[in-house]
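Taking it in order: structure first as structure tokens, then the write-up.
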Amino acid sequence: MELKRAKISAVGHYLPDYKLTNKELEGMVETNDEWIRTRTGISERRILKDTDKATAYMGAKAAQEALDAAGVKADEVDLIILATVTPDYLFPATACLVQNSIGAENAFAFDLSAACSGFLYALTTGSMYIESGRAKKVLVIGADKMSSIIDYTDRTTCILFGDGAGAVLLEASDDENGIIDHVHYTEGDINCSLYQPAGGSLNPATAETVANKDHFIKQDGKAVFKKATMGMADVSLEIMEKNDLDPEDVAWLVPHQANLRIIDATARRMGLSNEKVMININKYGNTTAATIPLCLYDWKDQLNKGDNIILSAFGGGFTWGAIYLKWAI
Ligand code: UT7
């Protein structure tokens with residue numbers, strides 16, 4: 001059987017309307033616009049205010065937009081993979097809620113947890129189903145309602161994150177364009193530098209865990225910054241070298257949007273000029289699993305068939321990796 005590459009055939013997105021600006025954060029914690037912009041590159045982030053809506057809602061909106069763009073009906077989808085650290089429930093999987101919401105009655109669906117690398121892990125997994133011929137149409141979604149696990153009295157984390165979702169449809173490619181290679185890494189973080197202490201089976205919710213604010217993100221920012229800067233730059237260079245790509249061969253870097261300084265260091269290491277780097281952290285902050293598909297959505301009209309694109313991410317776990325693809329639309 002001839003193996004076919006998986007191609008991204010459409011992109012969709014969802015962003016809540018509400019903009020939480022640096023100015024508004026100045027009234028909530030001891031911080032200021034200048035510190036946030038110079039240390040992170042963030043000016044504002046979107047927040048899903050509706051208390052009756054969460055990750056599944058945003059993921060379904062993004063998925064439906066991708067299907068509409070491709071002219072594909074929901075019942076044609078074989079598989080839905082949703083990357084998130086903010087599932088609507090611990091179970092059932094948020095992917096199941098999306099499957100029901102969009103009417104993808106012939107699809108099986110599951111969640112994938114790899115924090116900020118979640119979309120890349122999910123894209124690699126989805127592409128394997130297409131390459132093997134086991135699935136013809138796969139929805140890969142990155143969606144996070146980060147505001148649901150943020151302590152808005154903790155200035156070290158509340159300035160960083162936002163809510164949003166992005167989705168891509170994967171189909172078999174008829175030519176050489178599509179997803180070509182991936183490199184993924186994991187290093188179990190025994191120091192818990194970036195995690196949510198409670199709510200899982202080790203520390204189920206109690207009055208004490210709530211009082212301790214253990215259901216919110218805790219991060220050792222400096223430690224994670226160091227690892228992320230090295231990890232994202234190393235893996236991006238590795239995938240270039242593995243595929244004999246020189247800086248001039250790369251049309252775009254699509255980096256996870258955690259901190260502008262990490263993005264800049266990655267681009268420098270790859271030898272790429274700024275105009276080849278997708279950056280929207282200023283508008284959306286860190287939307288965890290959604291950052292990379294949100295970039296693809298924002299830049300989709302500037303992409304040309306055959307463009308060499310490197311996707312790259314680092315996140316909690318630790319998890320990190322890069323994907324090399326040729327744009328196929
Ligand atoms: O996406 C998953 C992976 N996550 C990341 O990649 C995030 C990685 N980490 C980072 O992006 C950065 O470490 C932060 C943006 C979180 C922090 O930036 P930093 O340059 O590492 O700052 P810092 O933690 O070294 O703090 C410097 C100072 C401290 O004050 P002192 O001790 O020097 O007096 C902090 O208390 O800045 C203070 N600070 C703030 N000041 C104003 C920390 N947060 C704030 C704040 N506003 N929001």
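For Lys61, the NZ atom is loosely surrounded, since the number of other residues' heavy atoms within 6.0 Å does not exceed 12. In the displayed structure, Glu248 atom CD is contacted under 6.0 Å by more than 12 heavy atoms of other residues, nucleotides or ligands. Enclosure of atom CD in Glu30 is not indicated, since only 12 or fewer non-hydrogen atoms of other residues, nucleotides or ligands lie within 6.0 angstrom. No more than 12 heavy atoms of other residues, nucleotides or ligands lie within 6.0 Å of NZ in Lys136, so this atom counts as exposed by the packing criterion. Environment of CE in Met230: sparse, with no more than 12 heavy atoms of neighbouring residues, nucleotides or ligands closer than 6.0 Å. Counting non-hydrogen atoms of neighbouring residues, nucleotides and ligands closer than 6.0 angstrom, the OH atom of Tyr89 reaches no more than 12 such neighbours.
The pair Lys137-Glu171 meets the salt-bridge criterion, with a side-chain N (NZ, NE, NH1 or NH2) lying under 4.0 Å from an Asp/Glu carboxylate O. The pair Asp175-Lys7 does not meet the salt-bridge criterion, since no charged nitrogen lies less than 4.0 angstrom from a carboxylate oxygen. Residues Glu24 and Lys19 are not paired through a salt bridge, judged by the lack of any N-O separation under 4.0 Å between the basic side chain and the carboxylate. Between Arg268 and Asp264 there is no salt bridge, since no side-chain N of the basic residue sits under 4.0 Å from a carboxylate O of the acidic one.
With hydrogens and angles ignored, the 3.5 Å screen pairs no side-chain donor or acceptor of Thr86 with any backbone N or O of Met146. Formation of a donor-acceptor pair under 3.5 Å by the Ser127 side chain with backbone atoms of Thr124 is found in this model. In this structure a side-chain-to-backbone donor-acceptor pair under 3.5 Å is missing from Lys242 to Leu237. Checking side-chain atoms of Asn243 against main-chain N and O of Leu245 turns up no donor-acceptor pair under 3.5 Å. The main-chain N or O of Thr319 is found under 3.5 Å from a side-chain atom of Ser117 such that the two form a donor-acceptor pair. Asp307 places a side-chain N or O within donor-acceptor distance of the main-chain N or O of Asn304, the cut-off being under 3.5 Å. Without hydrogens or angle criteria, Asn259 side chain to Arg261 main chain gives a donor-acceptor distance under 3.5 Å. With hydrogens and angles disregarded, no donor-acceptor distance shorter than 3.5 Å links the side chain of Asp111 to the backbone of Ala93. Panel note: side chain Asp78, backbone Ala107; no donor-acceptor pair is recorded below 3.5 Å. Of the possible polar contacts, none joining the Asn191 side chain to the Ser193 backbone as a donor-acceptor pair under 3.5 Å is found.
In this structure, Arg45 fails the cation-pi test against Phe161, since its NZ or CZ atom is not both closer than 6.0 Å to the six-membered ring centre and inside 45 degrees of the ring normal. Cation-pi geometry between Lys300 and Tyr297 is met: under 6.0 angstrom from the ring centre, within 45 degrees of the axis. For the pair Lys53 and Tyr57, the cation-pi criterion (under 6.0 Å, within 45° of the ring axis) is fulfilled.
Pro197 and Asn203 make their closest contact through O-ND2, 3.1 Å (heavy atoms, listed as atom of the first residue, atom of the second, distance). Taking each heavy atom of Thr288 and Asn286 in turn, the nearest pair found is N-OD1, 2.8 Å. Residue Ala54 comes nearest to Lys145 through the heavy atom pair CA-CD, 3.8 Å, listed as atom of the first residue, atom of the second, then distance. Here the closest non-hydrogen pair linking Ala290 and Gly142 is CB-O, 3.4 Å. Summarising the geometry of Ala233 relative to Thr266, their closest heavy-atom pair is N-OG1, 3.8 Å, with the distance given to 0.1 Å.
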From CA spacing to verdict: side-chain hydrogen bond (donor to acceptor under 3.5 Å, both in side chains), Asp154, Thr157: CA-CA 6 Å; Asp154 173 8; Thr157 53; 3.0 Å; yes
Derivation of the ring pair (Phe, Tyr, Trp, His ring centres under 6.0 Å) call for Tyr121 and His184: CA-CA 8 Å; Tyr121 277 35; His184 293 305; 4.9 Å; yes
Residues Lys49, Asp17; criterion salt bridge (Lys or Arg N to Asp or Glu O under 4.0 Å); working and verdict: CA-CA 9 Å; Lys49 287 278 192 183; Asp17 292 333; over 6 Å; no
Residues Ser173, Lys4; criterion side-chain contact (heavy atoms from CB on, under 4.5 Å); working and verdict: CA-CA 6 Å; Ser173 173; Lys4 291 204 163 190; 5.9 Å; no
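Proximity of Val250 to Met240: side-chain heavy atoms (C-beta onward) are separated by under 4.5 Å at one or more points. Between Leu170 and Ser9 there is no side-chain heavy-atom pair separated by less than 4.5 Å. In this structure the side chain of Asn177 never reaches within 4.5 angstrom of the side chain of Trp327, judged on heavy atoms. Using a 4.5 Å heavy-atom cutoff, the side chains of Pro247 and Leu272 are in contact. By the 4.5 Å heavy-atom criterion applied to side chains, Pro87 and Thr55 are not counted as neighbours. Residues Lys222 and Asp220 have side chains in contact (heavy-atom distance under 4.5 Å, counting atoms from C-beta outward).
Counting only N and O atoms by type, the side chains of Ser312 and His256 include no donor and acceptor under 3.5 Å apart. Using a 3.5 Å distance cut-off with no hydrogens or angles, the side chains of Asp163 and Tyr14 do not pair a donor with an acceptor. Side chain to side chain, Gln196 and His215 fail the donor-acceptor criterion of an N or O pair below 3.5 Å. Between the side chains of Tyr185 and Glu238, a donor-acceptor pair is found at a separation under 3.5 Å. With hydrogens and angles left out, the side-chain atoms of Asn22 and Ser43 include no donor and acceptor closer than 3.5 Å. Side-chain contact, Asn106 with Asp75: no donor N or O sits under 3.5 Å from an acceptor N or O. Looking at Glu275 and Ser273, their side chains do bring a donor and an acceptor atom within 3.5 Å of each other. A side-chain donor from one of Asn308 and Tyr324 sits under 3.5 Å from a side-chain acceptor of the other.
Val98 and Phe110 are not part of a single hydrophobic cluster, where members link through side-chain heavy atoms under 4.5 Å apart. Hydrophobic clustering places Leu325 together with Val254 (ILVMFWY residues linked when any side-chain heavy atoms are closer than 4.5 Å, directly or through intermediates). One hydrophobic cluster, built from ILVMFWY side chains closer than 4.5 Å, cannot hold both Ile102 and Phe108; they sit in different ones. No path of Ile, Leu, Val, Met, Phe, Trp and Tyr side chains, each step under 4.5 Å between heavy atoms, connects Ile8 with Leu169, placing them in separate hydrophobic clusters. Taken together through direct or relayed side-chain contacts under 4.5 Å among Ile, Leu, Val, Met, Phe, Trp and Tyr, Leu194 and Val85 form part of one hydrophobic cluster.
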